[in-house]
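Residue numbers begin at 1 in each chain, while the letters A, B, ... track the order of the sequences.
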There are 2 protein chains.
Amino acid sequence: MESRCENCIVRQFNSLRAMSKEELKKVSDSKTTKTVKKGEPLFEEGDKLNGVYCVRNGVSKLSKLSANGKDQIVKLASKGEVLGQRSVISQESTNLSAIAVDDMEVCFIPKESINNTLQKNPNFTLEVLRHMAHDLKEADDVIVNISQKTVKQRMAEAFLYLKNNFGEDADGFLALTLSREDISNVVGTATESAIRIISEFKKKGLIHTSGKKIGIKDERKLLEMVEGF
Amino acid sequence: MESRCENCIVRQFNSLRAMSKEELKKVSDSKTTKTVKKGEPLFEEGDKLNGVYCVRNGVSKLSKLSANGKDQIVKLASKGEVLGQRSVISQESTNLSAIAVDDMEVCFIPKESINNTLQKNPNFTLEVLRHMAHDLKEADDVIVNISQKTVKQRMAEAFLYLKNNFGEDADGFLALTLSREDISNVVGTATESAIRIISEFKKKGLIHTSGKKIGIKDERKLLEMVEGF
DNA sequence: ACAATTTACTGATAATTATCATATTTTTAA
DNA sequence: TTAAAAATATGATAATTATCAGTAAATTGT
């Protein structure tokens, strides 16, 4: 199942598309592909990364575990996203863990290929910069949301986010199925609180569920809820 | 009071130090210096920025106001920091307002100078990228803190942050004096809650105050509190 | 210097959210 | 397949935090 970066579709979604043919060839020659099973880590908080991970398939959560067992998810990364970039760029150990939420297929790209290109190809560097600017904006938005919105509003927002970013399956359920615990860790609340709100939303006809799958029933009302009506 | 970027000390703290002599000259020729009074905005949420602001003096808060009047401060920027970069890089309007917390002196650098250098000087781009990587890490830490720590812990952390980043004056008070409201907006809590906790910390001998000035009395205990003891 | 306005503070109370306990359902693995 | 483990669900309660109301102190502008 090995393949060349030059032909890889996910490259279209990330900064690797700004690489020259030769640079891409080098990356392709040095990369290794690996599969990560659901629940397994790509890397963990504090690790020194020797490269970055390019997601080909599946979804990873970037999160940090606190002393009292709370795990805050900062970002969900899927196809095309590059993980570990920040750590490689600042030459520090990671502040977040990356754990597979799905079975994943990722490529590991040694940092040398990245660093070299960063120093020589301004287009690539600028492209990476643009992605990072986007991530920073999103992170700022999360900060503002957590502190200004109620748990209920953030739950509503999370469902809309999941629909917009990962889509729905044939039966109208969110394509990315997260455990209740993961949902609560995205939203930043206790698992029981998240479950309660799911029940409430179900009663109100905003969502429907089947096992752990969740489907959005009334997007408008969810949106209104996010806005505070 | 006009001066040349080439001789500016604050440049040492930001990405402009990676510019070539000629690039810097261009920036210097196109920049304008302006003063911003305490409480006045450099720019506001939704503005399209035609350049970036380089802080020479004073402190600015980057924040977002919610519908119900809550203002979450995402970052405090002082000497040497460049504001508006993200917006210029992603060519979007800003998602945050920048308001002077102090009287400020800033340089406005038109985006053309920045964009040109970004496309031509990989060292500069990489330097900007490193700064942004740092900001992103800080933002992630804020997210985790808000959701995993209590208001009391975040208050303690805020005081330590203010000491470490802005220092103390001759009398041992935090050099950056924020209103109670601003403190509560950094921490992400109600103003009354912040005030209550300040009173409590005072009683416990962790801090002392004089008017709106706050001094740290027992750094160790504050640290322990942040860690959850 | 003084009235007006803003900011700081305190108490009482309400609302939100977390925690603990426990039951039920689902998933996992022998 | 079936016992064990894990995840989901719900109720009762506690803890945290916000809101409202009102007073005191500090700042501001004239």
Does the side chain of [X] reach to within under 4.5 Å of the side chain of [Y], using non-hydrogen atoms?
X	Y	value
A:Val128	A:His131	no
B:Leu176	B:Asn165	no
B:Val187	B:Ile197	no
B:Cys107	B:Arg56	yes

>> Going by side chain to side chain contact (heavy atoms under 4.5 Å, CB included), name the residues that satisfy it together with A:Asn68, two or more places apart in sequence or in a different chain.
In response: A:Ser66, A:Lys70

> Can you name the residues that form a side chain to side chain contact (heavy atoms under 4.5 Å, CB included) with A:Asn95, not counting sequence neighbours?
Replying inline: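 Side chain to side chain contact (heavy atoms under 4.5 Å, CB included) check on A:Asn95 returns A:Arg86, B:Lys137, B:Asp140, B:Asp141.
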
>> Heavy atoms within less than 4.0 Å of DNA chain C: which residues of residues 147-155 of chain B have one? Give them sorted by number.
In response: none

>> Rounding to 10°, can you tell me the angle the first-five-pair axis of the helix from C:dA1-D:dT30 to C:dA30-D:dT1 makes with its last-five-pair axis?
In response: 60°

> Tell me, which of residues 67-74 of chain B have any heavy atom that sits under 4.0 Å from an atom in DNA chain D?
Replying inline: none

> What is the ring orientation for A:Phe166 with A:Tyr161, classed by angle as parallel under 30°, tilted 30 to 60°, or perpendicular over 60°?
Replying inline: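 Perpendicular.
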
> Aromatic rings A:Phe159 and A:Phe201: how do their planes relate, parallel, tilted or perpendicular, breaks at 30° and 60°?
Replying inline: perpendicular

> Is the shortest distance from a Lys or Arg side-chain nitrogen in A:Glu200 or A:Lys152 to a carboxylate oxygen in the other one below 4.0 Å?
Replying inline: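 Salt bridge between A:Glu200 and A:Lys152, a charged N being under 4.0 Å from a carboxylate O: yes.
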
Please tabulate, for side-chain N and O atoms in residues 71-79 of chain B, each donor-acceptor pair with protein atoms closer than 3.5 Å (sequence neighbours left out).
| unit_1 | atom_1 | unit_2 | atom_2 | d |
| --- | --- | --- | --- | --- |
| B:Asp71 | OD1 | B:Ser63 | OG | 3.1 |
| B:Asp71 | OD2 | B:Ser63 | OG | 3.3 |
| B:Gln72 | OE1 | A:Ser147 | OG | 2.8 |
| B:Gln72 | NE2 | B:Asn185 | O | 3.2 |
| B:Gln72 | NE2 | B:Val186 | O | 3.4 |
| B:Lys75 | NZ | B:Glu81 | OE1 | 3.1 |
| B:Lys75 | NZ | B:Asp135 | OD1 | 3.3 |

> What residues form a salt bridge (charged side-chain N to carboxylate O under 4.0 Å, His left out) with A:Glu219, not counting sequence neighbours?
Replying inline: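 So A:Glu219 forms a salt bridge (charged side-chain N to carboxylate O under 4.0 Å, His left out) with A:Lys163.
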
>> If the condition is salt bridge (charged side-chain N to carboxylate O under 4.0 Å, His left out), which residues does A:Asp169 pass it with, not counting sequence neighbours?
In response: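 In terms of salt bridge (charged side-chain N to carboxylate O under 4.0 Å, His left out), with neighbours along the sequence ignored, A:Asp169 is linked to no residue.
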
For a quick test of your reading: what N or O donor-acceptor pairs under 3.5 Å do the side chains of residues 36-55 of chain A make, sequence neighbours left out?
| unit_1 | atom_1 | unit_2 | atom_2 | d |
| --- | --- | --- | --- | --- |
| A:Glu40 | OE1 | A:Lys37 | N | 3.2 |
| A:Asp47 | OD2 | A:Glu44 | N | 2.8 |

> Contact boundaries of DNA chain D with chain B (under 4.0 Å, heavy atoms), 5' to 3'?
Replying inline: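 The contact span of chain B on DNA chain D goes from D:dT17 to D:dC20.
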
> Can you check side-chain contact (heavy atoms from CB on, under 4.5 Å) on A:Thr35 and A:Met104, steps first, answer last?
Replying inline: CA-CA 6 Å; A:Thr35 58; A:Met104 299 183 75; over 6 Å; no

> For nucleotides 6-11 of chain C, read 5' to 3', which letter fits each nucleotide if B means a protein heavy atom sits under 4.0 Å from the base, S means only the sugar-phosphate is that close, and - means neither?
Replying inline: -SSBBB

N/O donor to acceptor pairs below 3.5 angstrom from side-chain atoms of residues 189-196 of chain B, sequence neighbours left out:
| unit_1 | atom_1 | unit_2 | atom_2 | d |
| --- | --- | --- | --- | --- |
| B:Thr191 | OG1 | B:Ser184 | OG | 3.4 |

